[in-house]
There are 2 protein chains.
Amino acid sequence: MPTVSSEELAAAAGVNSAKLRKDFSYLGSYGTRGVGYDVEYLVYQISRELGLTQDWPVVIVGIGNLGAALANYGGFASRGFRVAALIDADPAMAGKPVAGMPVQHTDDLERIISDNGVSIGVIATPAGAAQQVCDRLVAAGVTSILNFAPTVLTVPDGVDVRKVDLSIELQILAFHEQRKAGEESAADAADGTATPAVAKDHRKGPDGDVPAVMPA
Amino acid sequence: MPTVSSEELAAAAGVNSAKLRKDFSYLGSYGTRGVGYDVEYLVYQISRELGLTQDWPVVIVGIGNLGAALANYGGFASRGFRVAALIDADPAMAGKPVAGMPVQHTDDLERIISDNGVSIGVIATPAGAAQQVCDRLVAAGVTSILNFAPTVLTVPDGVDVRKVDLSIELQILAFHEQRKAGEESAADAADGTATPAVAKDHRKGPDGDVPAVMPA
DNA sequence: ATGTCTTTGTGAACGCGTGCACAAAGATGG
DNA sequence: CCATCTTTGTGCACGCGTTCACAAAGACAT
């Protein structure tokens, strides 16, 4: 029976082994003392807890470059997602095959959602259309929305929205890049403002050490 | 002179006003007691600190659907980024206009980087090509890489890499969606495993309450 | 069986970030 | 010029998450 110890996993993931064990204990995963965790059982338990064992039908609305990229993205299928439909407002797109499936027109949005029991929608439309699409998705029964459009969506309680801003990560890189450059010529010529003391190791968290508040 | 108080800003951003003031104090931004912060000056200071006032030339390598989507993305320009070049390995793509600029061939990668003084590169290639592209970017002088390819890149010290996984956000939504469904029929039939005690309000942080360790 | 050795699961301590609360600073009005 | 009022900047305390450290549990050898 192939097993892994928390120590091995922690080293691989770059985290503390105690934290890892504590996390696993929250999930109810049971290892065997003196041996470690049964790999297969552990993978199954974590997958189940994360919802990877379920089949989540999703619709992608807005089949531009980004929508097409998402439709073709291989990572979805392996994580339990199934693209149930591609929807676009452009009649010229209707019927065109993208990622091996025909694009459908926005008119059929409600029917598609309901027929496929879709509860997760992806919005990849231009900013102007996003809120309207969002409202229709929600009205049709979607309760989770992944928003790639550069707008803040308003939704009723009980609906989750996550906004993906493709430029934020780039901005974080630029932030650190700037700091690198500043370290070489140590002084901050501009106006005597001292360089703020921010944690040096910015490879830790997913969002680094960027302040909470940014200008829009 | 238009001003804002930390209280107003905090309410708008949904954070604590003391934290906001403390953050600002780290940036060396000075407000005026009894008045607040001069909006224009504050915006400038924050922009400067985040590197938004600089002009960052970036190259996008891999002009598939995603690369094209990124090239067309409007959010870059407004945040201080300038797409200096689009690069693709496919000779058939060379010269084709995407987002108003001609795609260039990978052969010229080194020259493009050096001519434009590029220090930030975006990789939107298939997984198989990513590491090789990465190595060439780094060798040519790039010190920050935004990786959209589903691979973990290996880079020398001093080079920053940020990986964007388009399915992670979707997975987080599915995780909460699953929980929503589970709350209706309260019991966890499966195997007597108790539902782990995780923070209920998952709309706070950018990465919600998903455990640190996930299967690849 | 009994002892040793490995690794888990977790109570307790530590450290850090958040939020409270207030003194200091400056505006504004009399 | 003084009093009052608003809002900043920050010391301090609290709470939470991470890490330490160890007892308990089980495997494995003798």
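All chains are named by letter (A, B, ...) in the order of the sequence lines, taking the proteins before the strands, and each is independently numbered beginning at 1.
- Computed from coordinates, the B/Y37 OH to D/dT6 C1' distance equals 13 Å when rounded to whole Å.
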Kindly give the atom pairs (protein nitrogen or oxygen, nucleotide nitrogen or oxygen) under 3.5 Å for nucleotides 21-25 of chain D.
unit_1, atom_1, unit_2, atom_2, d
D/dA21, N6, A/R21, NH2, 3.3
D/dA24, N3, A/R33, NH1, 2.8

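- Between B/D160 and A/E177 there is no side-chain heavy-atom pair separated by less than 4.5 Å.
- Here B/Y73 and B/F76 bring their ring centres to under 6.0 angstrom of each other.
- With C/dG9, C/dG11, C/dG19 as the choices, the nucleotide that has an atom nearest any side-chain atom of A/K22 turns out to be C/dG11.
- Following rounding to the nearest Å, A/Y26 (OH) and D/dC16 (C1') show an atom-to-atom distance of 10 Å.
- As rounded to whole Å, 15 Å separates atom P of C/dT8 from atom CG of A/L27.
- Here the side chains of B/Q171 and A/L52 are in contact, with some heavy-atom distance below 4.5 Å.
- Here the P atom of nucleotide D/dT18 and the CG atom of A/D23 are 7 Å apart, to the nearest Å.
- Distance, B/F24 CZ to D/dT7 P: 15 Å, rounded to whole Å.
- For B/Q54, the CD atom counts as densely surrounded, since its 6.0 Å shell holds more than 12 non-hydrogen atoms of other residues, nucleotides or ligands.
- For B/S5, counting side-chain heavy atoms from C-beta on, the closest listed nucleotide (D/dT8, D/dG26, C/dT8) is D/dT8.
- For the pair A/D38 CG and C/dT7 P, the computed distance is 15 Å after rounding to whole Å.
- More than 12 heavy-atom neighbours from other residues, nucleotides or ligands sit within 6.0 angstrom of CD on A/E110.
- When distances are taken from the side chain of A/N16 to each of D/dT19, D/dA27, C/dT10, the shortest belongs to D/dT19.
- Among the atoms of the strands shown, only primed sugar atoms or phosphate atoms (P, OP1, OP2) are found under 4.0 Å from some heavy atom of B/S6.
- Atom C1' of nucleotide C/dT8 and atom CG of A/L9 are separated by 13 Å, given to the nearest angstrom.
- Following rounding to the nearest Å, B/K19 (NZ) and D/dC12 (P) show an atom-to-atom distance of 21 Å.
- Residues passing the ring-ring contact (aromatic ring centres under 6.0 Å, His included) test with B/F148: none are found, sequence neighbours excluded.
- Phosphate contact (OP1/OP2 of C/dG26, side-chain N/O of B/Y30, threshold under 4.0 Å): absent.
- Using a 4.5 Å heavy-atom threshold, the side chains of B/L109 and B/L137 count as touching.
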